[in-house]
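Positions are given from 1 along the sequence. Numbering of ligands and ligand atoms starts at 1, following listing order. In this text, all values refer to a predicted model and were calculated from it rather than measured experimentally.
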Amino acid sequence: MPHHPASDQRTAPWQASVITLFPEMFPGPLAVSLVGQALQAGLWSLATIPLRDFGEGRHRQVDDTPAGGGAGMVLRADVVATAVDRTRAASPKAAALPAIYLSPRGEPLTQELVKELSLGPGVLLLAGRFEGVDERVLEARSFREVSIGDYVLSGGELAAMVLIDACVRLIPGVIGASESLAHESFENGLLEYPQYTRPRDWEGRPIPEVLLSGDHGRIEKWRRAESERLTRSRRPDLLNPNPKD
Ligand code: 6GU
């Protein structure tokens, strides 16, 4: 797995461009804390592309009824294509970004995919609403379809923010040395072990004795065992990722 070099001299900040009917939702939570400070510092940049601007006719219509019938509305291929093409034509940077459509039907967003995307120039995200997007534009503009989990959101905007947050925190300089990435969940394929801090005794619950022993070998073994115990109980799928193999 490739990784960000220790002295990563980026020519340009990581770029997130989001095509959306609700640009007012951004930056939202991406303006605060670690990721917001990194935005201020120019370590990454955010652009929203209002899909409505590319709508058809006096009403700037972006959607229509599904071919074959059925409930809801579908985003038009021509409208989405114009938004993508004009965004790419306006900046050579945007032209190089992989296009991703956020949808519950997509491939799962994993830490592995997050790492891959964070290593590239950024992402051009399409946040859907309604019943979906005309399949032809997904094919014709080579959209990768990505889901953030097995539940349905009312639109792709929150999913886009989740993807952006997960990528940005891996950009060198966003997380300080004190908040090391080395020991977090999924780095070793296991869930993270339990953490404790003062007070030593709280509501009759002591900190596990081993953690106060100063014996780093024992502590390491205990943490590994706790990680395995939690993974077995909560996420057995992580221990057997290819059940059909
Ligand atoms: Cl990426 N989009 C929407 N609309 N719902 C979702 C999702 C994405 N991932 C899980 N549910």
Subject >> atom 11 (N) of ligand 1: the protein heavy-atom neighbour that sits closest, reported with distance to 0.1 Å >> reply: Y151 O, 2.5 Å
**OP:** Give the residue and atom name of whichever protein heavy atom lies nearest to atom 9 (N) of ligand 1, and the separation in Å to one decimal.
**Re:** I148 N, 3.1 Å
Original post:
When rounded to the nearest 0.5 angstrom, what is the spacing between CD in E209 and OG in S213?
Top reply: 6.0 Å
**OP:** Output the distance between atom CG (L125) and atom OH (Y101), rounded to the nearest 0.5 Å.
**Re:** 12.5 Å
Subject >> Heteroatom proximity flag, A159 to ligand 1, N/O under 3.5 Å >> reply: no
Subject >> Contact summary for T82 and F54, nearest pair of heavy atoms >> reply: CG2-CD2, 3.8 Å
Subject >> Ionic contact status for R223 with E220, cut-off 4.0 Å >> reply: no
**OP:** Look at atom 5 (N) of ligand 1 and say which protein heavy atom is nearest, naming residue and atom and giving the distance to 0.1 Å.
**Re:** L153 N, 3.1 Å
Original post:
Where's the contact between D150 and ligand 1, heavy-atom distance under 4.0 Å: side chain, backbone, both or neither?
Top reply: neither
Original post:
Which of the atoms in ligand 1, numbered in the order shown and given with their element, are less than 4.0 Å from a heavy-atom of V146?
Top reply: 1 (Cl)
Original post:
Other than V74, which residues form its hydrophobic cluster under the rule that side-chain heavy atoms must be closer than 4.5 Å?
Top reply: none
Original post:
For ligand 1, which part of P104 has a heavy atom less than 4.0 Å away: the side chain, the backbone, both, or neither?
Top reply: both
Subject >> Side chain, backbone, both or neither: S103 near ligand 1, heavy atoms under 4.0 Å >> reply: backbone
Original post:
So, S17 and Q15: side-chain donor and acceptor under 3.5 Å apart, yes or no?
Top reply: yes
